[in-house]
Amino acid sequence: MLKKITAVMIPLLFSIVLVFVGTFLGCIKTGGKTVPEEKEKIVVGFSQLGAESDWRSSNTESMKEALSSKNGYSLIFEDGQQKQANQITAIRMFIQQEVDYIVLAPVTETGWDTVLQEAKNAGIPVIIVDRMVDVEDEDLFTCWVGSDFELEGKKVVEWLNRYVTLKNVPAKDIHIVNIQGNLGASAQLGRTKALADAVEKYGWDLLAEVPGDFTQAKAREVMDGLLGVYDNINVVYCENDNEAFGAIEAIEAAGKKVGMDIANGEIMVVSFDGVNQEALDYVSENKIACIAECNPLHGPRVQAIIELLEAGKMPDKFAYVQEKLLASDTTVTQVVVDGVNYEVTFLESTKTATEAAEKVTE
Ligand code: GZL
Ligand code: ZN
C-alpha cells in the first residue's frame, strides 16, 4: 500500500514543484510545452500639455502609437488643457500609481522643481519631451528630447533677411508683427528671441509682439486687432501654423493680400511646425512664405530612451531633433545660421499654376 502511495505522490509532488518554479521564472509548463508568460508591461504616465494645435495632436498620436500595449507598454495619458496645475496633479497621480516612468511635455519652463523632486524621491525617472523645463537641479529629470526653438527662429529670420535683401527691400521698410505662442513656453521663448535679435541686427521695424497662444482662434482675434492699429504691416511672424491660419483669415477678411510681394502691398506670413497638409498647401501657394519645421514625432524617440534605461544604459541628457526649412518660392536656396548651412527644402509651387489660371481668365 505504502509503495502505491509513494508511486503516485512523487510525480505529483514533482509537477507541483515544477509548476511553482516555472511560474516563478515567468514561463509555465503546460502539457510539456513552455509558453512565455505575458511579459510585465512597462507602465508610463504621460502628462501632455494640451490639444491646442495640429502639432500637439500629431505629438500625442506619436506617443500613444509608440507607448502602446502591442509594444509592451501600459500608457496612462493625461491632457493638461494647457494648465500647469493640471500637469502637476497628473504627475502626483502617476507617483501614487507607482508608474515605471513619467513623461512630461511641459506647458511652460518654470514651476516644476517641487513636483519633479517628489518624483525623484519616489525613484521614478522623468523624461521631458518637446519644451524644456527650467529647474535648479538638472538631476530632477533623466533626459530631454525636443527641438532647438531658437535655431528654428534663426532659420526663419535668416531666410527673411536673405529674401528682402535679394528683393532690394530696405530694412527700414520691413514692418513686422510677432504673434507669439504661450508666453513662457520654450518654443515661444526661442522663436521670439530669434526675431528680436534679428530686428536689432538688421534694423527691421518690429511694430508689436502679441501672444496668440499657438491657436488659430486667438491669432485671428489678435491679427484683426493689429490690422486695426497699423496700416503698414508687411510681415507677420507666427510662432506656429495654427496662428498663421488665423492671421491669414484676418488679413484676407480685411481685404488685404497675403503673399511674397511686400514691396507692392502684399503681407508676408512666416511660420513654424509644417505638420499638416493645410500648412504645406499654404506654402505651395506662397501664402505662407516659409515654415521652419518643428518635428512632433517624439513617440519612437521616447520609446528608444525607455528601452535604453530598461537595459541599464544612460541616454543622452539632451537630444535635439534635426529639422528642415520649407518654402516654395525659390529666391532663397539656403541660409547660414551660426556658421552652419541649411538648404531650403522646396515644396512644389501651385502659385504659378493658380496665377497662370488667373491670367487666362483676366
Ligand atoms: C513646439 C511645440 C509648439 C508647437 C506648437 O515643439 O511646443 O507647441 O510649435 C505647439 O504648434 O502648440
Ligand atoms: Zn515703411
Side-chain angles (χ1 to χ4, degrees), residues 46-63 79-84 86-87 103-112 127-134 143-157 178-195 209-220 222 236-248 269-280 282-283 288 290-302 318-326:
F46 174 35
S47 168
Q48 176 59 291
L49 66 89
E52 76 289 349
S53 64
D54 296 305
W55 189 98
R56 193 63 50 197
S57 313
S58 301
N59 180 249
T60 293
E61 203 180 303
S62 171
M63 296 291 286
D79 176 340
Q81 273 104 31
Q82 282 189 286
K83 288 184 180 57
Q84 179 173 44
N86 294 342
Q87 293 199 275
V103 180
L104 168 64
V107 61
T108 53
E109 292 201 340
T110 55
W112 302 101
I127 298 163
I128 310 293
V129 295
D130 178 20
R131 303 174 188 175
M132 191 70 86
V133 291
D134 176 4
C143 60
W144 169 88
V145 57
S147 303
D148 182 337
F149 304 110
E150 189 173 345
L151 171 60
E152 291 173 351
K154 287 179 174 177
K155 288 179 191 171
V156 168
V157 295
N178 177 0
I179 302 183
Q180 300 172 295
N182 306 75
L183 296 186
S186 313
Q188 176 272 312
L189 294 168
R191 294 168 187 167
T192 293
K193 181 176 183 307
L195 178 61
E209 293 174 325
V210 191
D213 288 356
F214 287 130
T215 67
Q216 182 165 347
K218 184 73 178 162
R220 167 67 200 261
V222 157
V236 183
Y237 182 94
C238 297
E239 293 191 353
N240 84 330
D241 293 335
N242 294 88
E243 292 183 347
F245 304 158
I248 290 168
V269 175
V270 294
S271 184
F272 297 81
D273 287 347
V275 157
N276 69 5
Q277 196 51 47
E278 188 180 358
L280 302 182
Y282 271 135
V283 172
I288 298 180
C290 83
I291 292 180
E293 180 203 6
C294 182
N295 188 293
L297 308 179
H298 294 321
R301 297 170 184 134
V302 172
F318 299 98
Y320 289 93
V321 294
Q322 300 305 310
E323 298 171 328
K324 299 188 186 79
L325 182 59
L326 309 172

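Here the structure is a predicted model, which is why all the values come from computation and not from measurement. When a ligand or atom number is given, it counts from 1 through the structure's own listing order. We number each residue from 1, following the sequence as shown. Both backbone and side-chain heavy atoms feed into the values below; hydrogens, waters and symmetry mates do not.
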Are any side-chain N or O atoms of W144 and backbone N or O atoms of R131, one a donor and one an acceptor, separated by less than 3.5 Å?
-> yes
Non-neighbouring partners of E278 that pass side-chain contact (heavy atoms from CB on, under 4.5 Å), sequence neighbours left out | F245, N276, Y282
Test applied, side chain to side chain donor-acceptor pair (under 3.5 Å); reference residue, R56; option that passes from D130, N240, N242 | D130
Give a yes or no on whether a salt bridge exists between K154 and D148, defined as a side-chain N under 4.0 angstrom from a carboxylate O.
-> no
Any idea which residues sit under 4.0 Å from ligand 1, heavy-atom distances?
-> E52, S53, W55, R56, D130, R131, F149, A187, R191, F214, N240, D273, C294
Relative to each other, are the rings of F272 and Y237 parallel, tilted or perpendicular (30° and 60° limits)?
-> perpendicular
Can you name the one residue among E152, E239, E150 that meets side chain to side chain donor-acceptor pair (under 3.5 Å) with R191?
-> E152
